[in-house]
Amino acid sequence: MLFDDPNLQETIASVLVPVAVPGAYTYKVPAGQSVVPGTIVKVPLGPREVIGAVWDIEPDAAINPKKLKTISRVYDTTPPLDRDLRRFVDWVANWTLGAPGMVVRMVLRSEEALEPEAPIAGVRRIEGAAPDRSTPARQRVLATMEDGFAWTRSGLAHAAGVSASVIDGLIHQNVLEVVSMPAAPPPPKPQIDYATKALTPAQQAAVDGLIETFDKTGGSVCLIDGVTGSGKTEVYFEAIAEALRREKQVLVLLPEIALTEQFLRRFEQRFGVYPAEWHSEITPKNRARVWRGVASGDVRVVIGARSSLFLPFKELGLIVVDEEHDAAFKQDDRVPYSARDMAVVRGHLSKFPVILASATPSVESRVNAELGRYELFELPERATGAAMPDLHVVDMRLSGPERGRWLAPRLVHAIKDTFAAGDQSLLFLNRRGYAPLTLCRTCGHRFQCAHCSAWLVEHRFQKKLVCHHCGHFEKIPDACPACQSADSLVACGPGVERIAEEVSDLFPQARTLVLSSDLPGGPERLKREMKIVEEGGADIIIGTQLVAKGHNFPKLKLVGVIDADLGLAHGDPRAAEKTFQLLAQVTGRAGRVSGGGQGLLQTYNADHPVIRALMSGDKHAFYKAEVDARRVAGLPPFGRLAAVIVSGPDRAFAEGYARALARAAPNDAAVTLLGPAEAALAMVRGRFRFRLLAMAPRQFDLQSYLRTWLGRGPKPTKGLRVQVDIDPQQFL
DNA sequence: AGCACGCCGACT
DNA sequence: GTCGGCGTGCTC
């Protein structure tokens with residue numbers, strides 16, 4: 001008899017568990033239960049129990065059978081992760097050189113979602129029953145319940161304008177009964193034709209082109225490159241409508257900061273319902289709801305931050321990556337991945353279109369479009385017909401401000417005119433605080449952070465010296481700590497607070513507002529102040545980076561860039577690109593709605609290619625020059641270039657390892673070793689990084705190439721991380 | 001002695 | 001990633 005053989009009664013399965021090990025672990029399947037690849041399970045792991053996913057059934061286990069533990073729970077009410085998602089997980093793990101179990105952990109981030117949602121207690125009228133005494137409050141409750149439906153206790157109390165104790169009283173008297181109501185009904189579906197908007201011919205042409213790509217059987221990537229205000233969002237909304245028409249789910253990826261109420265409202269205005277949201281701030285309950293809804297197909301559209309890429313969509317048919325150039329799509333810790341690149345991969349694996357959109361695309365996306373890997377849709381004009389802002393250079397060498405001032409006369413005049421016309425001015429300076437450096441006039445002592453050797457930034461409002469890298473702060477001393485001289489400290493250079501001081505000095509009658517991420521009052525206050533600006537309640541805004549995105553300032557006519565050179569001098573290979581993007585985005589906000597905008601860029605490098613490209617208004621000139629420069633320097637986008645980042649808590653060791661890797665690289669690889677400038681933050685967190693850039697042979701399989709290459713180098717030691725940062729497009 | 005903290009290895 | 005084990009060093 002078959003059943004007498006104990007070996008045949010026992011099935012085993014390999015399970016990805018959330019630990020950083022290279023493969024899956026093997027477990028016994030409990031008798032009477034069945035699992036398939038993708039089944040979500042709970043398994044014992046060391047002293048605890050963890051959630052994992054079955055990856056393979058009947059694997060050839062090379063494990064001592066005595067060691068095998070048994071799956072402790074099979075989540076059979078949750079659909080198993082489908083084949084496409086499993087392939088995606090494997091792909092990402094392989095690409096990031098990370099553990100597949102850690103990738104699957106990103107899929108299974110809501111344990112609550114694996115349980116069916118608990119029904120909520122409701123109350124219902126008992127037919128024919130009446131209270132002993134009829135009070136006005138009780139009458140209101142019963143009148144509210146005329147419809148005969150069940151209500152939640154608090155919902156009913158609120159609707160009838162009574163306290164919950166009135167309801168409890170009626171329950172006690174057997175007038176109302178407690179029933180269990182199904183938890184939240186499935187969310188309403190977006191309506192494809194709820195409020196279609198008239199599109200400009202350019203927008204319509206892009207929409208037509210995007211819709212055509214849905215018929216490409218292998219999927220495709222489209223890049224929408226449109227100036228600020230060109231109506232990119234309306235264009236991809238129509239692509240979303242097309243995906244919905246084809247009964248597919250849609251994911252819109254946004255950088256965390258752009259996930260605003262304003263954006264959700266725009267979606268609601270077009271499709272009649274709010275989309276599901278997914279980001280780090282979402283409550284566990286909603287998180288679970290969205291996860292379940294995505295898996296069951298009840299949720300049709302998700303707007304989310306990068307982690308939403310790992311949601312278990314039932315029938316995903318389109319991913320939109322808005323602001324695709326934004327660095328927030330890159331995750332640096334845990335599994336280091338780029339959500340924009342992995343979105344392209346996911347579309348490729350599941351053969352559906354992926355749309356990248358930006359006013360300032362990343363150089364690599366632009367190159368991919370020019371090489372024909374991506375389809376390119378350009379929107380060179382604003383949808384309203386408003387003109388792009390007039391940009392001018394203020395050459396600080398020729399006509400700068402007097403000593404101790406930061407606004408050149410020309411900029412002051414422009415602000416004055418703008419203010420007189422009742423419009424808004426924005427002064428952009430990507431530097432928080434009052435002054436980036438403080439020194440002693442007597443002995444030259446410079447205030448440095450004890451932990452990370454960065455300069456301490458003076459915050460005059462808070463009367464503190466703050467390290468912007470690690471958050472360390474100290475009180476501003478009265479005397480120099482080195483030479484004890486009193487009243488000898490001077491602030492060097494400007495921060496937003498110092499600009500604000502100069503502005504209120506020059507324009508005491510203007511309503512001035514500083515927008516900076518470190519404002520006392522936190523995000524709440526920031527939200528309020530953004531709203532004030534939107535509604536025209538401020539005349540002159542002094543802001544850091546965060547004014548560059550997300551919010552719409554309809555009254556903004558003038559953008560003054562206090563220091564256009566800031567950021568150009570970094571050792572970061574993307575310094576020029578980042579500066580171009582930031583300045584194009586921030587100046588692009590001037591006159592966005594009604595035109596007539598103006599931008600003034602204060603610079604000491606009027607001949608710098610970035611400044612010249614911005615002035616010419618010809619983005620393509622910038623991209624062309626940048627690609628040429630990188631080709632010469634051997635930097636990305638490389639077409640054939642690979643980047644490997646080495647990081648570890650021990651700076652000297654990480655550097656030595658990176659150098660050894662460079663030596664071990666094959667002869668046909670031209671290797672550049674880059675310093676820590678672009679990883680300053682990682683350094684402070686104790687994860688010093690080095691980046692190797694290498695020209696690789698014409699045709700190669702990245703993973704095997706890297707593995708042999710890495711294999712030739714010294715053995716990675718504990719605590720050292722090696723990660724890849726390469727555009728995967730060419731390996732698909 | 002008692003425990004707080006940090007490092008290290010195992011986890012099927 | 002998380003846990004327990006074990007060593008070091010400091011305190012009630």
Side-chain angles (χ1 to χ4, degrees), chain A residues 6-31 33-75 80-81 86 89-90 92-114 280 284 287 291 306-307 309-310 331-337 451 470 645 647-654 657 682 684-688 714-723:
Chain A
N7 291 323
L8 288 180
Q9 287 181 347
E10 223 160 53
T11 45
I12 55 171
S14 73
V15 177
L16 286 185
V17 288
V19 291
V21 290
Y25 279 175
T26 312
Y27 287 88
K28 290 191 277 197
V29 179
Q33 303 246 45
S34 70
V35 295
V36 296
T39 301
I40 298 166
V41 293
K42 187 177 256 181
V43 292
L45 181 69
R48 65 213 157 104
E49 295 215 307
V50 294
I51 306 289
V54 172
W55 225 237
D56 199 3
I57 48 171
E58 304 288 333
D60 4 315
I63 284 286
N64 179 1
K66 288 206 182 90
K67 231 175 136 182
L68 293 186
K69 295 184 182 174
T70 307
I71 292 171
S72 49
R73 177 159 174 201
V74 176
Y75 290 93
L81 309 182
R86 294 191 326 264
V89 166
D90 284 332
V92 172
N94 188 39
W95 184 257
T96 57
L97 307 174
M102 295 311 290
V103 181
V104 112
R105 185 174 176 268
M106 300 198 285
V107 177
L108 304 174
R109 272 212 351 213
S110 172
E111 188 172 348
E112 206 182 325
L114 304 176
S280 55
R287 178 178 294 270
W291 199 96
R306 57 174 186 248
S307 57
L309 193 54
F310 292 92
Q331 169 157 305
D332 262 341
D333 51 358
R334 299 179 185 117
V335 181
Y337 69 99
H451 305 292
C470 65
I645 299 164
S647 60
D650 179 346
R651 171 182 173 146
F653 190 81
Y657 182 76
V684 180
R685 292 196 298 244
R687 304 200 200 107
F688 193 82
K715 238 189 156 49
T717 318
K718 195 84 216 230
L720 203 67
R721 288 164 16 114
V722 180
Q723 74 187 69

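In what follows, every heavy atom counts, from backbone to side chain, and hydrogens, waters and symmetry copies are set aside.
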Could you tell me how far apart [X] ([atom1]) and [N] ([atom2]) are, to the nearest whole angstrom?
X	N	atom1	atom2	value
A:R109	C:dG1	CZ	C1'	14 Å
A:L68	B:dT12	CG	P	10 Å
A:L16	B:dC11	CG	C1'	14 Å
A:Q331	C:dG1	CD	C1'	14 Å
A:M102	C:dG1	CE	C1'	5 Å
A:I71	B:dT12	CD1	P	14 Å
A:Y25	C:dG1	OH	C1'	12 Å
A:E49	B:dC11	CD	P	17 Å

Which is true for A:K69 with a 4.0 Å heavy-atom rule: it touches a base, it touches only sugar-phosphate, or it touches nothing? sugar-phosphate
Which atom names give the shortest non-hydrogen contact between A:P18 and A:R105, and what distance separates them? CB-CD, 3.5 Å
What residues, two or more places apart in sequence or in another chain, satisfy ring-ring contact (aromatic ring centres under 6.0 Å, His included) together with A:Y337? A:F310
Could you pull out all donor-acceptor pairs under 3.5 Å where a side-chain atom in residues 36-47 of chain A meets a protein atom, sequence neighbours excluded?
unit_1, atom_1, unit_2, atom_2, d
A:T39, OG1, A:V36, N, 2.9
A:T39, OG1, A:V36, O, 2.8
A:K42, NZ, A:E111, OE2, 3.4

A:E112 meets the salt bridge (charged side-chain N to carboxylate O under 4.0 Å, His left out) criterion, sequence neighbours left out, with none
Sorted by chain and residue number, the salt bridge (charged side-chain N to carboxylate O under 4.0 Å, His left out) partners of A:R73 (sequence neighbours excluded) come out as A:E115
Strictly under 3.5 Å: I want the nitrogen or oxygen pairs between protein and nucleotides 2-5 of chain C, one per line.
unit_1, atom_1, unit_2, atom_2, d
C:dT2, O4', A:R48, NH1, 3.2
C:dT2, O4', A:R48, NH2, 3.4

Mind listing the side-chain donor-acceptor pairs of residues 51-59 of chain A below 3.5 Å, one per line with the distance, residues two or more places apart or on another chain?
unit_1, atom_1, unit_2, atom_2, d
A:W55, NE1, A:D90, OD1, 2.9
A:W55, NE1, A:D90, OD2, 3.3

